[in-house]
Amino acid sequence: MNAIKIETFTRFQFVSNPSFAPDGQSLAFVVQRGDLEDNDYKGDLYLYRCDDGRVRRLTTAGDAKSYVWTHRGTLLFPASRDKNKEDKEKDSTSYYEISPDGGEAARAFTLPVKATGMYRVDEDRYLVMAVTELAKRKEGKDEAYEVVDEIPFWFNGKGFTNGLRNRLYCYRVSTGELTPISEESADVDTYSVRGSKVLYKAYPWTDIHDQYDGIYLCDLDTGENRCLLEKDTRRTGMIGFWADDEAVVASGVDNPHGNGKYMDFYTMNLETGRMNLLAEYDYSSGSGSVGSDARLGGGRTVKAGDGICYFVTTRGDSAHLYAIKRDGTLEGIVTDRGSCDSFDVKDGHVVVCGLYGDRLAELYLDGTQITEFNDMSQWQVCPRKEYTMKAGDGYDLTGWVMEPAGYEPGKKYPAILHIHGGPRTVFGTVFHHEMQMWANAGYFVFFTNPRGSDGFGTEFGDINGKYGTVDYDNLMEFTDYVLDREPDIDRERVGVTGGSYGGFMTNWIIGHTDRFRAAASQRSIANWISFEYMSDIGHTFTKDNQAAFACEDVEKLWFHSPIKYIEGCRTPTLFVHSDQDYRCNIAEGMEMFAALKVLGVDTRMLVVKGETHELSRSGRPRNRIVRMREILNWMDRYLKTEDAGKEEQ
């Protein structure tokens, strides 16, 4: 078997986004792969025939990463194949059409907007989501500068977004007419379609984008567009038609846990907008949150039909496919342990793109695996041991330990504690490339889901105003538990790392204990006061997670800020940040780095240019390699020899 190394992820193929053809006889999906030479990812469309199980590649140019079925059973996908035209019309999107029977793709049409998604309404009409600019912002705009007059003014993965909106349109193929559905100032979040009607969530704004979307209903035939729920009325999540006159809406109302409360299911009368409680639900709905750096691409996570709505939900350490019916009953459709990343349902059949066991994402039709793009038997995949312990706060904590490749009982090994982001995400039993790489490099690797994690109910997941307290205790308790049960871990050679919330917690840990020999803090938070005003989500996320804004209780934010405790830090720490990360701004890492430098603690900072908060998961391949190499080298320096670090401290 081959060792799993840093660059191994570039040899994987990432399957995503399955959907059935209109006749249900085949299904399409996307496969992406890393390209080191071009330092990006190539994607192509594939087809699976349900009658004979044959898989066939439809495109070969590497530029097909999304698609939509036409009513004729052909596929439309956006691509940039005319470079001259692309240069002249930067605010346009060309769609190409290809037959599932093969042949060359031909240009179908070009939209005069930057389309980010498309949905077929009928044989002539499509819904189009596009990024557009407010008309008044375009006047006198100069590439030499940016004008900022709203919040948020930038967004992770998008750069400066001042004056930009996600707008919903209807495109008529026969006439080439593109008609706006949502108003110009509104940011559209999601939508559901039934016949000629579109139910969508949007937030109209020109100054500050607050938290709660409104809900709107548009009739494409008549052009009528009505508001059913005013913005900032109540928190809402997934939406979906299941009758002409009624929809299902995930929603939350006033609760002691605030926005930390998971959303229950409500029915919405589409004539009056009235909402009635249908079923209480204490888990996430409409998306999964099982962490992995070995997936790429999206796909459907909600689908409503007559009297039923299917949705992805995280329960425990896994993402499942569930359904809620119009009578309020809930049913698990796919409940295997792992992660249902996306799905489609048609005529009683279910296709899932999921990560299960130590396999990368593959497709499963009615529970049977139908693709195998990655032969994992060729790789040295280190198994996990599962532990469950009773934490001091009374909750059960489940976590895992990977033994190093070639493990020899009785020999001492270094170890790495890995902390997930979120905090409303989870670690589970799915394949994680970087943790496998560390194990293949000779480390024990251990990880768990502390308080604040997704999948275990509102009370467990609510750490609003508690960051660095109960969650820190959980992580230290689990570390003690693992060290007591794994005597071959060298207690003097244990490191810690994590990204986003995991980066916050790494920063917190080094200010509260010297037990770790080395640390690698990634895309972290150091100071909640600066975070509130610099992060793209800071003006809402801060209070939702720290129970206060700076203007209300600055001492509260300062108490939960790792930088407050930096004077006691002695742990050699590497900081990793991207210069276009607008979620956890680069300044957060720089604060920590500079403070440690002044204190004389060994530290280093890696700034990756042109990358965002998603560096570890979907950053450009060569940049991901640089990041992993820096972290591994840092851990090797302090953990691979018994006297490493001691002489330097």
Side-chain angles (χ1 to χ4, degrees), residues 4 9 12-18 27 29-32 48 283-303 310-323 330-345 349-377 379 381-388 396-402 418 420-422 424-436 439 445-449 453-456 617-618:
I4 295 176
F9 78 95
F12 295 151
Q13 298 191 76
F14 302 103
V15 180
S16 67
N17 196 15
L27 57 92
F29 57 99
V30 176
V31 179
Q32 296 189 63
Y48 174 84
Y283 300 96
S284 63
S285 55
S287 63
S289 62
V290 181
S292 175
D293 60 351
R295 58 159 65 96
L296 201 65
R300 185 192 307 275
T301 58
V302 177
K303 186 172 186 177
Y310 301 88
F311 62 96
V312 175
T313 178
T314 300
R315 297 169 67 105
D317 55 42
S318 298
H320 304 293
L321 178 60
Y322 265 62
L330 286 153
E331 178 185 3
I333 307 300
V334 178
T335 58
D336 294 343
R337 200 175 188 188
S339 180
C340 168
D341 284 1
S342 58
F343 73 94
D344 196 15
V345 294
H349 297 287
V350 179
V351 60
V352 161
C353 177
L355 290 91
Y356 298 103
D358 287 319
R359 299 182 296 278
L360 272 71
E362 300 286 354
L363 298 188
Y364 299 80
L365 180 59
D366 297 331
T368 299
Q369 184 175 342
I370 59 173
T371 65
E372 189 171 359
F373 281 86
N374 299 279
D375 178 9
M376 301 308 292
S377 66
W379 302 106
V381 178
C382 297
R384 308 167 202 80
K385 289 192 288 186
E386 184 169 302
Y387 288 117
T388 298
D396 287 338
L397 293 182
T398 296
W400 299 266
V401 177
M402 289 181 185
H418 193 193
H420 66 61
R424 282 282 179 96
T425 65
V426 292
F427 278 142
T429 60
V430 305
F431 182 89
H432 196 290
H433 165 250
E434 188 168 28
M435 287 199 277
Q436 287 289 343
V445 182
F446 59 104
F447 48 101
T448 189
N449 295 312
S453 300
D454 198 8
F456 302 98
R617 296 167 288 229
S618 59

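- Partner of W400 under the side chain to side chain contact (heavy atoms under 4.5 Å, CB included) criterion, chosen from T429, T448, V445: T429.
- Under a 3.5 Å cut-off, the side chain of D375 and the backbone N or O of S377 do form a donor-acceptor pair.
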Should D396 and F456 be marked as a side-chain contact (heavy atoms from CB on, under 4.5 Å) after you check the CA-CA gap, both sets of side-chain angles, and the distance that decides it?
CA-CA 10 Å; D396 287 338; F456 302 98; over 6 Å; no
Residue pair L355, D341: steps toward the side-chain contact (heavy atoms from CB on, under 4.5 Å) verdict
CA-CA 8 Å; L355 290 91; D341 284 1; 3.0 Å; yes
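- In this structure, the separation between CZ on R359 and CG on N374 is 11.5 Å, given to the nearest 0.5 Å.
- Note: Y322 OH to T335 OG1 = 6.5 Å, rounded to the nearest 0.5 Å.
- Between L296 and S16, the shortest heavy-atom distance links the atoms O-CB, 3.5 Å.
- Once rounded to the nearest 0.5 Å, the distance linking CZ of F311 with CG of L330 reads 5.5 Å.
- Side-chain contact check for I333 versus V350: some heavy-atom pair is nearer than 4.5 Å.
- A heavy-atom distance below 4.5 Å is found between the side chains of F447 and R384.
- The aromatic rings of F12 and W379 stand perpendicular to each other, their planes meeting at an angle above 60°, with 30° marking the opposite boundary.
- Here the side chains of F431 and I4 are in contact, with some heavy-atom distance below 4.5 Å.
- The two residues S284 and D454 have their closest heavy-atom pair at OG-OD2, 3.7 Å.
- With sequence neighbours left out, Y387 forms a ring pair (Phe, Tyr, Trp, His ring centres under 6.0 Å) with Y481.
- From N17, atom CG reaches atom SG of C353 across 8.5 Å, with rounding to the nearest 0.5 Å.
- By the 4.5 Å heavy-atom criterion applied to side chains, L360 and R295 are not counted as neighbours.
- Residues forming a side chain to side chain donor-acceptor pair (under 3.5 Å) with T313 (at least two apart in sequence, or on another chain): Y281.
- Contact check for P18 versus D344: no side-chain heavy atoms found under the 4.5 Å cut-off.
- The backbone N or O of H433 sits less than 3.5 Å from a side-chain atom of D293, completing a donor-acceptor pair.
- Between atom CE of residue M376 and atom CD of residue Q436 there is a gap of 7.5 Å, rounded to the nearest 0.5 Å.
- Minimum heavy-atom separation, A294 to S292: N-OG, 3.0 Å.
- R300 CZ to L321 CG: the interatomic distance, rounded to the nearest 0.5 Å, is 11.5 Å.
- Of all heavy-atom pairs between G291 and H432, the closest is O-CD2, 4.0 Å.
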Could you go through the ring pair (Phe, Tyr, Trp, His ring centres under 6.0 Å) check for Y364 and Y356 one step at a time?
CA-CA 10 Å; Y364 299 80; Y356 298 103; 5.3 Å; yes
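- With hydrogens and angles disregarded, a donor-acceptor distance shorter than 3.5 Å links the side chain of T301 to the backbone of G286.
- Within the 4.5 Å cutoff, side-chain heavy atoms of F343 are placed close to those of K303.
- Listed by chain and residue number, S289 satisfy the side chain to side chain donor-acceptor pair (under 3.5 Å) test with T314 (two or more places apart in sequence, or in another chain).
- Two residues are said to be in side-chain contact when any heavy atoms from C-beta on lie closer than 4.5 Å; F29 and L363 meet this criterion.
- Listed for the T371 side chain is no donor-acceptor partner under 3.5 Å among the backbone atoms of E362.
- For H418 and F427, the distance between ring centers is under 6.0 angstrom.
- Minimum interatomic distance between G422 and T425 (heavy atoms only, all atoms of both residues): CA-CG2, 4.0 Å.
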